[in-house]
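Reviewing the structure listed below.
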Amino acid sequence: MSMFDGPKPLNTAKSDQASTDMESSGLTQGSSAAAPRPNRKFGAWSDRWREMPRQKQWLVLIPIVIVAFLLPVVNPPFITTEPGNDWPLACQLMAIYALVAVGLNIVIGYAGLLDLGYIAFFAVGSYTAAMLTSPDSAFIKIPYLWTLPVAIAVSMFVGVLLGLPTLRLRGDYLAIVTLGFGEIVRILATIIPAMKGQPGFQNVGHPPGVGADGIPIFANSNGTPWYWLTLVILIIILFLVGNMERSRVGRAWIAIREDEDAAETMGVPTFKYKVWAFALGAGVGGLAGALMGGQVGFVNNQKFDVVTSILFVAAVVLGGSGNKVGAILGGALVAYIPLRFTAIAEYKFLIFGLALVFIMIYRSQGLLPAKQRLLAYGTKAYAAVRKENSARVRKNGDPGAPGGTAGSGLPPAAPEPNAEGATS
Amino acid sequence: MSLLELEDVSVHYGRIQAIHNMSFTVEEGEIVSLIGANGAGKTTTMKTISGLLNPSTGTIKFMGEDITKMKAHIRVVQGISQAPEGRGIFPAMTVLENLDMGTYGRKDRSGVGEDLERVFTLFPRLKEREKQFGGTMSGGEQQMLAIGRALMSRPKLLLLDEPSMGLAPQFIRQIFKIITEINGQGTTVLLVEQNANQALARANRGFVLETGEITHSGTGKELLANPAIKEAYLGVG
Ligand SMILES: Nc1ncnc2c1ncn2[C@@H]1O[C@H](COP(=O)(O)OP(=O)(O)O)[C@@H](O)[C@H]1O
Ligand SMILES: [Mg+2]
């Protein structure tokens with residue numbers, strides 16, 4: 001096929017093999033700089049992962065999960081944040097940030113909506129847990145664990161409420177508006193008497209259970225059980241998000257992120273899916289907030305600032321926007337580094353700022369680049385075509401020309417004499 | 001009954017009026033070309049038909065049904081498919097994934113394999129590059145992908161916004177040949193072009209758009225022969 005042959009590096013690569021093995025053939029070294037390229041090392045790794053059968057994936061996953069669960073108990077040297085900071089509590093904070101990043105990744109990474117005010121939903125979740133359990137609150141009280149689903153529902157509702165009027169905006173405009181979300185919640189918490197401003201809520205509830213020594217298992221200072229609870233929740237959320245990612249909804253989000261107008265003209269109800277992304281992200285953020293509120297045991301209006309919100313975004317971008325494993329890594333790192341290196345903790349924003357600049361320059365895809373897996377349906381369709389074709393070949397020895405007239409425009413073997421000067 | 005009917009359609013961007021009381025029809029089976037200079041309102045017209053823009057006045061009918069208020073993503077299901085200006089493909093998706101997105105609004109999954117084969121027959125290059133990322137393809141390849149993707153919804157009306165933009169002359173000829181072929185397979189085509197020569201030669205009928213108003217209309221041949229159009233759009237005189 002000579003048509004449109006440009007000065008491309010590999011226009012001779014005809015075989016399936018060449019196109020399958022993109023990493024090694026350099027096919028992706030083409031023209032557009034804007035288009036993300038799969039990273040060699042991680043790309044190959046994630047390709048291998050996706051080709052593994054389910055059982056084999058479990059074999060790899062289970063040890064990782066076991067190590068994750070043992071993390072606060074093992075207290076590994078060098079890695080530990082002690083003596084400066086309690087290690088199990090550090091693990092808990094890492095898990096919370098990982099959860100936040102996984103939730104925010106739905107909004108930023110999948111749907112491409114730059115939400116700079118994600119802290120608002122985190123705050124809503126914290127306040128929900130606090131106001132339904134703390135003795136300082138005038139509301140009805142429910143057991144702490146019940147506040148988790150309530151926090152999800154309330155944050156999702158707030159997500160829809162904030163999303164409906166703002167998601168008509170795009171790009172920078174949306175980002176600027178979302179910047180206000182966190183402030184809205186903070187100011188409401190200050191001026192609404194029931195939210196108790198700076199005094200806030202003490203003795204926020206926690207899951208039941210008392211240890212042998214008479215101290216609650218989920219005491220504020222006891223990081224390990226909190227970490228395990230958060231980790232279990234994180235795994236459940238990951239499982240749900242993973243399924244969503246591979247569904248029609250996931251494909252719609254990616255399409256919206258890539259080109260909203262094009263997505264709309266492909267039949268994607270873009271506004272609806274943007275609101276969904278916003279609401280689901282908000283739900284996860286609220287859940288993380290409720291866990292944080294319970295563990296810390298104290299919620300007031302001083303904790304939810306814009307800077308922390310930006311830190312959440314940094315976690316997503318650092319890890320690799322659009323990749324949920326990357327989000328976990330980014331979230332955990334953003335929480336870990338200031339706790340581990342206490343000497344530089346004061347400069348954490350400077351350091352994360354610099355890290356982000358470097359990442360954007362040298363690795364704009366983040367530590368673990370996104371690799372969409374949208375083919376579930378397309379591959380099936382294509383496999384069907386292949387089968388049909390090869391059946392036809394076997395029957396009459398003619399691989400092409402299915403309908404006679406079709407294909408007449410471009411006889412496969414007729415090279416245009418003048419193929420140079422193509423656009424690229 | 002016309003396949004597509006615009007009646008007195010005006011479109012505004014804020015206070016700026018881009019389209020002034022435009023009326024025209026597209027009949028089933030036709031290729032209709034809309035030609036005009038930069039900024040004449042061609043893209044605005046296309047986006048209004050596909051539903052990305054809302055007209056401030058006037059009505060749009062598709063197969064006799066008033067679709068003026070219908071959302072873009074529903075118009076696809078009804079049979080209007082657009083290959084947007086500047087291609088508008090999904091750069092981080094592979095060729096196959098892009099084509100798959102074209103089937104998003106489809107209800108009948110059974111015909112997808114057949115349509116994929118049809119697209120690959122029209123554009124063998126896409127088949128060769130099926131696993132390449134859309135954003136790494138050349139301009140011409142992206143154009144093929146945009147048209148192929150638009151065909152995957154099996155549209156009754158295909159909207160093509162400057163398919164020849166930025167392409168070298170010999171590829172422009174090829175693209176127009178393929179457009180004719182698509183039309184021959186039963187798809188009605190509304191084509192927007194600055195490249196008036198080819199667009200009019202291939203069209204059953206054509207319109208000339210100047211600052212948001214239709215100033216000439218006729219069969220492709222008539223317009224090609226019109227001295228005023230020759231001078232303004234065909235680089236003669
Ligand atoms: N988003 C927009 N906001 C304001 N004005 C616009 C916008 N898009 C197009 N226009 C204006 O509308 C007119 C028609 O534009 P367009 O339809 O893109 O022209 P064409 O496709 O024929 O080159 C131009 O004057 C252009 O400046
Ligand atoms: Mg245009």
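Numbered from 1 within each chain, the chains take letters A, B, ... in sequence-line order.
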(message) Before you tell me yes or no, could you show the steps for A:T265 and B:R75 under side chain to side chain contact (heavy atoms under 4.5 Å, CB included), namely the whole-Å CA-CA distance, both residues' side-chain angles and the distance that decides it to 0.1 Å?
(response) CA-CA 8 Å; A:T265 57; B:R75 294 191 197 188; over 6 Å; no

(request) Could you tell me which non-hydrogen atom of A:A262 sits nearest to which non-hydrogen atom of B:G88, and how far apart they are? (result) CB-O, 3.3 Å

(message) Is it the case that atom CG in B:D108 sees more than 12 heavy atoms from other parts of the structure closer than 6.0 Å?
(response) yes

(request) Apply salt bridge (charged side-chain N to carboxylate O under 4.0 Å, His left out) to B:R154 and list each qualifying residue two or more places apart in sequence or on a separate chain. (result) B:E114, B:D115

(request) Would you name the heavy atoms of A:A255 and B:M101 that are closest together and state the gap between them? (result) CB-CE, 3.5 Å

(request) For B:A199, enumerate each residue passing the side-chain contact (heavy atoms from CB on, under 4.5 Å) test, keeping only those at least two apart in sequence or located in another chain. (result) B:S33, B:I35, B:F176, B:L191, B:E193

(request) Return yes when atom CZ of A:R170 has more than 12 non-hydrogen atoms of other residues, nucleotides or ligands closer than 6.0 Å, and no otherwise. (result) yes

(message) Looking at every heavy atom in both B:A72 and A:E264, which two are closest together, and how far apart are they?
(response) CB-CG, 3.4 Å

(request) Considering only heavy atoms, give the residues of residues 268-280 of chain A separated from chain B by less than 4.5 Å, sorted numerically, with 'none' for an empty result. (result) A:V268, A:P269, A:Y273

(message) Treating A:E258 as the side-chain partner and B:A92 as the backbone partner, does any N or O pair qualify as donor plus acceptor under 3.5 Å?
(response) yes

(message) Run the side-chain contact (heavy atoms from CB on, under 4.5 Å) test against B:K47 and tell me which residues pass, sequence neighbours left out.
(response) A:D261, B:T43, B:L52, B:L53, B:Q82

(request) Would you verify whether the NZ or CZ of A:R251 falls within 45 degrees of the ring axis of B:Y104 while also being under 6.0 Å from that six-membered ring's centre? (result) no

